[in-house]
Amino acid sequence: MTNPSDHASPVAPGSVAQAGPLLPSLQRTLQDEYSVVRLPDDVEALDPEVASRVRAVVTSGRVGVSTVLMAALPNLELVANFGVGYDTTDVGQAAARGIRVTNTPDVLTDCVADTALALMLDVFRRFGASERFLRDGAWESGGFPLTRRFSRSTVGVLGLGRIGQAIARRAAAFDATILYTTRRPVEGVPWEHVASAVELARRADVLVVAVPGGASTENLVDAEVIRALGPEGYLVNIARGSVVDEEALIAALERDEIAGAGLDVFAHEPHVPQRLMRDDVTLLPHVGSATHETRRDMGDLTLANLRAHLAGEPLPTPVPETSTV
Ligand code: NAP
Ligand code: 8YV
């Protein structure tokens with residue numbers, strides 16, 4: 001059991017701020033140890049006096065520290081992001097101003113990969129749809145239609161980083177053939193690198209998206225990639241909604257150009273288009289890392305980064321863009 005006073009830092013009141021909602025246990029610790037200041041959602045409403053005292057902002061991947069918010073915090077030194085994805089934080093501005101950004105890699109990898117497997121199994125086998133069929137009483141009138149075998153399928157992993165590799169290892173246990181696409185082939189893995197997302201989709205039974213969000217991957221999975229999956233192919237996205245052209249996906253589903261999709265993330269969360277509420281689509285409300293154990297570990301790592309920064313110690317998990325700051 002950690003005693004908050006073990007970490008007591010001589011930080012001035014108002015130094016640590018919070019942007020957006022946080023895990024309640026993390027918020028309580030921030031309150032107890034630093035009397036954390038909650039920043040207003042509307043940057044216009046931020047009192048310049050309050051803003052000038054802020055040295056560190058704790059936020060989540062869903063909210064982040066935007067270009068405008070960062071610009072309004074003249075003495076900001078650290079953004080501690082709860083989540084591995086930090087596409088909502090302006091890392092370019094952070095690097096230019098010498099602001100450090102941290103995230104929570106590795107601790108969530110297993111849960112997110114588990115979620116990807118659950119989505120893949122569900123879209124192939126339609127367990128969710130078959131359970132709805134049973135609950136609706138339809139079984140009395142006949143069996144559920146046959147589905148598709150996931151074991152021994154070909155799984156195309158788009159982005160073979162921490163999470164992509166954990167997905168590939170799990171799918172390999174189902175005797176799947178694993179193919180992957182990254183900008184640079186990954187050394188030391190037993191799986192075939194495929195040069196482009198279109199080629200990957202063409203060769204795979206299911207394309208599972210595990211790249212970071214942000215400008216460099218926006219709509220990487222576009223109409224051409226989706227169509228390349230073909231009428232027997234599935235799309236699974238546990239990365240960010242911004243990576244997939246959602247309109248193109250809906251159009252492909254409506255024209256039966258692909259077989260179905262499993263989605264944990266969406267373009268405009270928490271809004272999910274009504275047209276995606278289809279029987280051949282499995283939808284989850286961004287729960288990839290949402291277990292007690294993993295969220296606790298993410299909270300601990302977020303705090304460890306904040307405490308290290310305030311104590312002048314090396315950061316446990318700085319993001320690459322600001323790691324030399
Ligand atoms: P990571 O270790 O940094 O892996 C990212 C992978 O994507 C790398 O293999 C990278 O390889 C590849 N990549 C990047 N840009 C690419 C591009 N344009 N084309 C092809 N490949 C590209 O990150 P991670 O820890 O696995 O996390 C991945 C993402 O998952 C996070 O950024 C976050 O957005 C998402 N996520 C979602 C949830 C959820 O709840 N659903 C939870 C956690 C994370 P190259 O650099 O060689 O291209
Ligand atoms: C979190 C995530 O749900 O780590 C990420 O990138 O998407 C998830 O683990 C999110 O960051 C919390 O806001």
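Since we're looking at a predicted model, the values are computed, not measured. Computed over heavy atoms, backbone and side chain alike; hydrogens, waters and symmetry mates excluded. All ligand and atom numbering here is 1-based and tracks the order in the structure. In this chain, residues are counted from 1 in sequence order.
- For ligand 2, the atoms sitting less than 4.0 Å from at least one non-hydrogen atom of R62 are 3 (O), 13 (O), numbered in the order shown with element in parentheses.
- Inspection of the D264 and T115 side chains reveals no N or O donor paired with an N or O acceptor under 3.5 Å.
- Near D264, meaning under 4.0 Å from any of its heavy atoms, are these atoms of ligand 1: 39 (C), 40 (O), 41 (N).
- Side-chain polar atoms of D205 and S153 form no donor-acceptor pair below 3.5 angstrom.
- Between S289 and R295, the side chains place a donor N or O and an acceptor N or O closer than 3.5 Å (distance only, hydrogens not considered).
- Which parts of ligand 2 touch G83 is read off a 4.0 Å heavy-atom cut-off, strictly below it: atoms 4 (O), 5 (C), 11 (O).
- If you look at R295 next to ligand 2, the close heavy atoms, those under 4.0 Å, all belong to the side chain.
- Ring-plane geometry between Y234 and F124 is classed as tilted, the angle between the planes lying from 30 to 60 degrees on a 0 to 90 degree scale.
- For D87, no nitrogen or oxygen atom sits less than 3.5 Å from a nitrogen or oxygen atom of ligand 1, counting backbone and side chain alike.
- Atom 44 (C) of ligand 1 has as its closest protein heavy atom V84 CG1, 3.2 Å.
- The protein non-hydrogen atom at the shortest distance from atom 37 (C) of ligand 1 is I238 O, 2.9 Å.
- D110 and R170 are joined by a salt bridge, as a carboxylate oxygen and a charged side-chain nitrogen come within less than 4.0 angstrom of each other.
- Close contacts between ligand 2 and F82 involve ligand atoms 11 (O), 12 (C) [criterion: under 4.0 Å to a heavy atom].
- A salt bridge does not link E313 to R307: none of the charged side-chain nitrogens sits closer than 4.0 Å to a carboxylate oxygen.
- Of the residues L158, V155, L235, the one that meets the side chain to side chain contact (heavy atoms under 4.5 Å, CB included) test with V208 is V155.
- Polar contact with ligand 1: absent for V112 (N/O pair, distance under 3.5 Å).
- In this structure, the ring of H271 has its center no less than 6.0 angstrom from the ring center of F266.
- With salt bridges taken as basic N to acidic carboxylate O contacts below 4.0 Å, none links R126 and D280.
- Looking only at atom types and distance, the side chain of Y86 has a donor-acceptor partner in the side chain of E321 under 3.5 Å away.
- Residue L160 approaches ligand 1 through these ligand atoms, each under 4.0 Å from one of its heavy atoms: 9 (O).
- Annotation: R162 places an N or O atom under 3.5 Å from an N or O atom of ligand 1; distance criterion only.
- The protein atom (non-hydrogen) at minimum distance from atom 26 (O) of ligand 1 is I163 N, 2.8 Å.
- Within the listing of ligand 2, atoms 1 (C), 3 (O), 8 (C), 9 (O) sit less than 4.0 angstrom from a heavy atom of S289.
- Each of the atoms 4 (O), 9 (O) of ligand 2 lies under 4.0 Å from some heavy atom of L108.
- The nearest heavy-atom contact from the protein to atom 35 (C) of ligand 1 is A239 O, 3.5 Å.
- At under 3.5 Å, not a single nitrogen or oxygen of L108, backbone or side chain, sits near a nitrogen or oxygen of ligand 1.
- Here the protein heavy atom with the shortest distance to atom 4 (O) of ligand 2 is V84 N, 2.8 Å.
- Checked against a 3.5 angstrom limit, the closest N/O atoms of G161 and ligand 1 fall inside it.
- If you number the atoms of ligand 1 from 1 as listed, the ones under 4.0 Å from a heavy atom of S289 come out as 40 (O).
- The shortest N or O to N or O distance between G85 and ligand 2 is below 3.5 Å.
- For the pairing with V157, the side chain to side chain contact (heavy atoms under 4.5 Å, CB included) check across V194, V211, I178 returns one residue only, I178.
- In terms of polar-atom proximity, T182 is not counted as a contact of ligand 1, lacking any N or O under 3.5 Å from an N or O of the ligand.
- Counting only N and O atoms by type, the side chains of N81 and S60 include no donor and acceptor under 3.5 Å apart.
- Salt-bridge annotation for R202 and E199: present, with a side-chain N of the basic residue lying under 4.0 Å from a carboxylate O of the acidic one.
- Checked by atom type and distance alone, the side chain of D245 never pairs as donor or acceptor with a backbone atom of N219 at under 3.5 Å.
- In this comparison of V186, V211, I167, the heavy atom closest to atom 22 (C) of ligand 1 sits on V211.
- Every N/O-N/O distance between L220 and ligand 1 stays at or above 3.5 Å.
- Atoms of ligand 2 found under 4.0 Å from any heavy atom of G61, numbered from 1 in the order shown, are 11 (O), 13 (O).
- Against a heavy-atom cut-off of under 4.0 Å, H286 is close to the following atoms of ligand 1: 39 (C), 40 (O), 41 (N).
- The shortest side-chain heavy-atom distance between Q18 and T59 does not fall under the 4.5 Å cut-off.
- For ligand 2, the atoms closer than 4.0 angstrom to any heavy atom of S60 are 13 (O).
- Counting the atoms of ligand 2 from 1 in the order shown, those under 4.0 Å from a heavy atom of R240 are 2 (C), 5 (C), 6 (O), 7 (O).
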